[in-house]
Amino acid sequence: MIEAARAAWPDVELSDEAFVRFVASKLPVVTEVEESLRALHTADLYLACGCARGEARALARFELACGPPIERALDRLRVPTQQRVEIRQQVRQRLLAPRPNLEGGAPLPPRIADFSGRGSLGSWVRVVAAREAVERVRRQGREQPTEDDELARRLEPDAGPELVHLKQLYRDEFKAAFAEAIAALPKRDRALLRQHALDGLSIDRLAALYDIHRATAARRVEAARRAVFEQTRLSLGRRLRVSAEELDSVMRLIRSRLDVTLGPLLRDPDEGEGGGGAAG
């Protein structure tokens with residue numbers, strides 16, 4: 001692992017001990033070491049370790065490796081050219097500068113030392129850059145324009161800057177993951193969700209329509225929503241390849257907003273205008 005990491009960054013000098021200690025700090029205590037190591041982006045951890053230790057050549061390589069992901073994040077958020085220099089500088093400051101110790105004593109390591117290695121360093125830096133851009137927009141009291149597609153229109157206007165950022169950054173991945181999750185539902189569950197989320201039928205109306213108890217109708221709707229959520233999480237995880245923590249953060253933001261994002265995807269292209277009736 002050390003040899004492979006050094007081959008990726010041959011001019012970055014780290015001792016074996018420093019790198020092994022850095023990697024060891026990223027390993028969970030409840031899993032097998034070899035299994036955990038295989039899941040890590042160890043070459044990226046090598047660069048992050050060098051940056052955290054202030055190694056000059058590692059810092060130079062960071063500029064080459066992570067400059068493009070920062071630019072992609074700013075592109076997708078449509079950050080004006082005149083603001084980019086300051087945002088890029090702020091991202092580098094946040095990630096690479098030692099942090100003040102609020103309890104006194106020596107400064108804390110730079111934030112890049114927190115990189116877990118469970119996703120790529122480029123993806124991690126891209127998320128940091130996008131959050132910094134969104135935070136800047138929030139501080140200035142205005143929002144960046146968003147894509148005027150169906151998904152964006154159905155998200156609530158008070159979604160907040162972090163959800164706006166995630167919607168913009170992962171817009172295509174969200175739509176594809178939701179579509180895959182909806183397609184995986186049995187047809188009856190898809191119809192039930194469509195009637196509830198898109199047609200606006202209450203639980204009582206659904207219970208009467210299907211001739212079942214309202215508690216049964218409520219359980220079926222909730223089970224279908226939960227299935228969509230879980231399948232979306234799996235699909236989104238495959239597409240984004242981010243750490244489990246980042247994926248959980250994304251899913252927490254959209255869990256309570258499934259109803260407003262489900263509507264466009266619940267339309268069944270194989271059914272006609274009157275195709276939403278009760279099944280079975």
Side-chain angles (χ1 to χ4, degrees), residues 41 44 47-48 51-52 58-100 110-178 236-237 239-243 245-254 256-257 260-261 264:
H41 292 242
D44 285 354
L47 179 62
C51 290
L59 295 172
R61 289 296 178 183
F62 175 89
E63 296 295 328
L64 294 175
C66 297
I70 292 174
E71 289 303 313
R72 285 196 293 273
L74 301 183
D75 286 342
R76 299 193 81 170
L77 287 172
R78 299 179 179 179
V79 175
T81 302
Q82 63 270 23
Q83 296 183 12
R84 294 191 176 212
V85 173
E86 186 174 345
I87 291 176
R88 287 194 296 264
Q89 182 178 355
Q90 187 63 36
V91 169
R92 291 174 175 87
Q93 178 73 15
R94 284 185 181 278
L95 293 181
L96 303 177
R99 291 172 285 184
R111 187 182 172 192
I112 197 169
D114 298 337
F115 171 60
S116 69
R118 288 189 287 273
S120 73
L121 181 60
S123 295
W124 187 75
V125 170
R126 185 179 65 176
V127 169
V128 172
R131 286 175 177 168
E132 176 60 32
V134 171
E135 177 61 19
R136 182 182 177 86
V137 170
R138 187 193 67 78
R139 290 195 301 265
Q140 294 176 344
R142 64 177 184 271
E143 292 186 354
Q144 299 291 346
T146 60
E147 294 281 340
D148 187 26
D149 57 32
E150 185 68 16
L151 179 60
R153 286 196 301 268
R154 294 186 72 88
L155 282 169
E156 291 134 326
D158 61 346
E162 189 170 5
L163 188 59
V164 170
H165 141 58
L166 290 169
K167 181 183 63 176
Q168 284 292 94
L169 188 59
Y170 298 137
R171 175 172 50 86
D172 294 337
E173 290 87 348
F174 272 148
K175 293 175 70 174
F178 274 129
L236 199 58
R239 287 176 165 83
L240 298 183
R241 298 182 180 180
V242 297
S243 69
E245 292 90 340
E246 292 172 6
L247 183 59
D248 287 340
S249 296
V250 172
M251 296 308 296
R252 279 195 297 271
L253 285 172
I254 66 173
S256 63
R257 306 178 191 277
V260 293
T261 55

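As the structure is a prediction and not an experimental result, all values here were calculated from the model. What's counted below: heavy atoms across the whole structure, side chains too, no hydrogens, waters or symmetry copies.
Arg61 CZ: 12 or fewer foreign heavy atoms inside a 6.0 Å radius. Other residues, nucleotides and ligands contribute over 12 non-hydrogen atoms within 6.0 Å of the CD atom of Glu63.
Ser123 contributes atom OG, which lies 8.0 Å from atom CZ of Arg72 (distance to the nearest 0.5 angstrom). Taking CD1 of Ile70 as the reference point, atom CD1 of Ile87 lies at 10.5 Å (rounded to 0.5 Å). Arg92 CZ to Leu59 CG: the interatomic distance, rounded to the nearest 0.5 Å, is 11.0 Å. A distance of 14.5 Å separates CD1 in Ile112 from CZ in Arg94, rounded to the nearest 0.5 Å. Note that the CG atom of Asp114 and the CH2 atom of Trp124 stand 6.0 Å from one another [nearest 0.5 Å].
For Arg84 and Asp75, the salt-bridge test passes: some basic side-chain N is under 4.0 Å from an acidic carboxylate O.
The two residues Ala52 and Pro110 come nearest to each other via the heavy atoms O-CD, 3.5 Å. Considering all non-hydrogen atoms of both residues, Val79 and Ala133 come closest at CG2-CB, 4.0 Å.
By the side chain to side chain contact (heavy atoms under 4.5 Å, CB included) test, Cys66 is found to be paired with Phe62, Leu121, Val125, residues two or more places apart in sequence or in another chain being considered.
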In sequence, state the C-alpha distance, the side-chain angles, and the governing distance for Leu74 and Gln83, and then conclude on side chain to side chain contact (heavy atoms under 4.5 Å, CB included). CA-CA 10 Å; Leu74 301 183; Gln83 296 183 12; over 6 Å; no
